[in-house]
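To start, the structure itself, in structure tokens.
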Amino acid sequence: MKTPILSFSFCALLFAGPATAGTLSGGAWQPAGCGVKPDAPVIDDSDVDTFNKSIAAINTWQQKSRDYFECLIKEANTDNAIIAESANQAQAKYREAVEKIGAEADASKKKLDK
């Protein structure tokens with residue numbers, strides 16, 4: 001019986017770190033390492049000073065939100081790649097098993113046909 005040879009990309013995924021980047025619970029995926037999604041600030045237009053502070057808060061929020069969503073996309077892409085690679089490996093193992101059983105059946109048939 002031959003020992004299956006793992007591809008480099010599959011081995012790299014196994015030893016590259018955690019199996020997933022995010023978490024899936026109740027049908028909703030969330031990133032695991034991006035921190036808390038920043039809440040949008042409220043604009044206070046009660047006077048010029050508070051309005052200016054609101055605008056400053058918006059600028060800070062925009063940068064934090066950009067960082068959060070870039071992290072989210074990176075984690076989602078990582079998980080998508082792991083899922084696709086895992087599914088491809090499972091399909092390859094299934095095809096190998098089907099081919100092996102087919103070859104064994106053909107060999108047995110030839111032996112019995114003699």
Side-chain angles (χ1 to χ4, degrees):
M1 173 187 257
K2 286 186 174 180
T3 303
I5 299 173
L6 298 176
S7 69
F8 173 75
S9 61
F10 182 68
C11 290
L13 285 173
L14 287 176
F15 301 107
T20 61
T23 58
L24 182 62
S25 177
W29 180 90
Q30 294 292 318
C34 299
V36 177
K37 181 176 119 183
D39 291 327
V42 177
I43 297 176
D44 185 346
D45 60 0
S46 58
D47 60 55
V48 172
D49 187 45
T50 56
F51 176 75
N52 288 337
K53 288 178 183 176
S54 295
I55 298 303
I58 289 170
N59 292 335
T60 301
W61 169 78
Q62 284 178 324
Q63 181 58 49
K64 288 181 180 179
S65 292
R66 184 176 16 254
D67 294 344
Y68 174 83
F69 283 104
E70 285 174 0
C71 177
L72 178 143
I73 290 166
K74 182 179 177 183
E75 285 195 20
N77 287 338
T78 298
D79 282 351
N80 283 335
I82 291 168
I83 291 166
E85 183 66 25
S86 177
N88 289 337
Q89 290 293 325
Q91 289 173 342
K93 286 180 183 179
Y94 170 73
R95 283 190 301 271
E96 289 172 10
V98 168
E99 289 172 8
K100 180 182 175 195
I101 290 171
E104 289 172 358
D106 287 344
S108 294
K109 183 178 185 274
K110 286 180 185 177
K111 176 182 169 185
L112 294 172
D113 283 344
K114 287 184 181 181

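Throughout, numbering of the chain's residues begins at 1 and tracks the sequence.
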Problem - Sequence neighbours excluded - disulfide (SG to SG under 2.5 Å) pairs with any residue from residues 28-94 - result: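 Disulfide (SG to SG under 2.5 Å) check on residues 28-94 returns Cys34-Cys71.
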Handout entry: Beyond-backbone contact of Ile73 with Tyr68, side-chain heavy atoms, under 4.5 angstrom
Key =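 When only atoms from C-beta onward are counted, Tyr68 and Ile73 do not touch, as no gap falls below 4.5 Å.
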Problem - Any side-chain heavy-atom pair of Asp79 and Trp29 under 4.5 Å - result: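 Sidechains of Trp29 and Asp79: in contact.
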Exercise for the section: Can you sort out the partners of Ile43 under side-chain contact (heavy atoms from CB on, under 4.5 Å), two or more places apart, ordered by chain and number? Expected result: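 Testing Ile43 for side-chain contact (heavy atoms from CB on, under 4.5 Å), a comparison that skips the adjacent residues, returns Phe51, Ser54, Ile58.
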Handout entry: Exercise: do Gln63 and Asp67 side chains pair donor with acceptor under 3.5 Å
Key =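 Checked: Gln63/Asp67 side chains pair up, N/O donor to acceptor below 3.5 Å.
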Cut-off 3.5 Å, no hydrogens considered: what does the side-chain donor-acceptor table look like for residues 106-114, sequence neighbours left out?
residue: Ser108; atom: OG; partner: Glu104; partner atom: O; Å: 3.1

For the [atom1] atom of [X] and the [atom2] atom of [Y], what is their distance to the nearest 0.5 Å?
X     : Y     : atom1 : atom2 : answer
Ile82 : Asn77 : CD1   : CG    : 11.0 Å
Gln30 : Glu75 : CD    : CD    : 10.0 Å
Lys64 : Asn59 : NZ    : CG    : 12.5 Å

Practice task
Verify, without hydrogens or angle tests, whether Thr78 (side chain) and Lys74 (backbone) share a donor-acceptor contact under 3.5 angstrom.
Solution key: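 Flag set: sc Thr78 to bb Lys74 pair under 3.5 Å.
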Handout entry: Nearest atoms (heavy-atom pairs only) where Ser46 meets Asp44
Key =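 For Ser46 and Asp44, the tightest heavy-atom pair comes out as OG-OD1, 2.8 Å.
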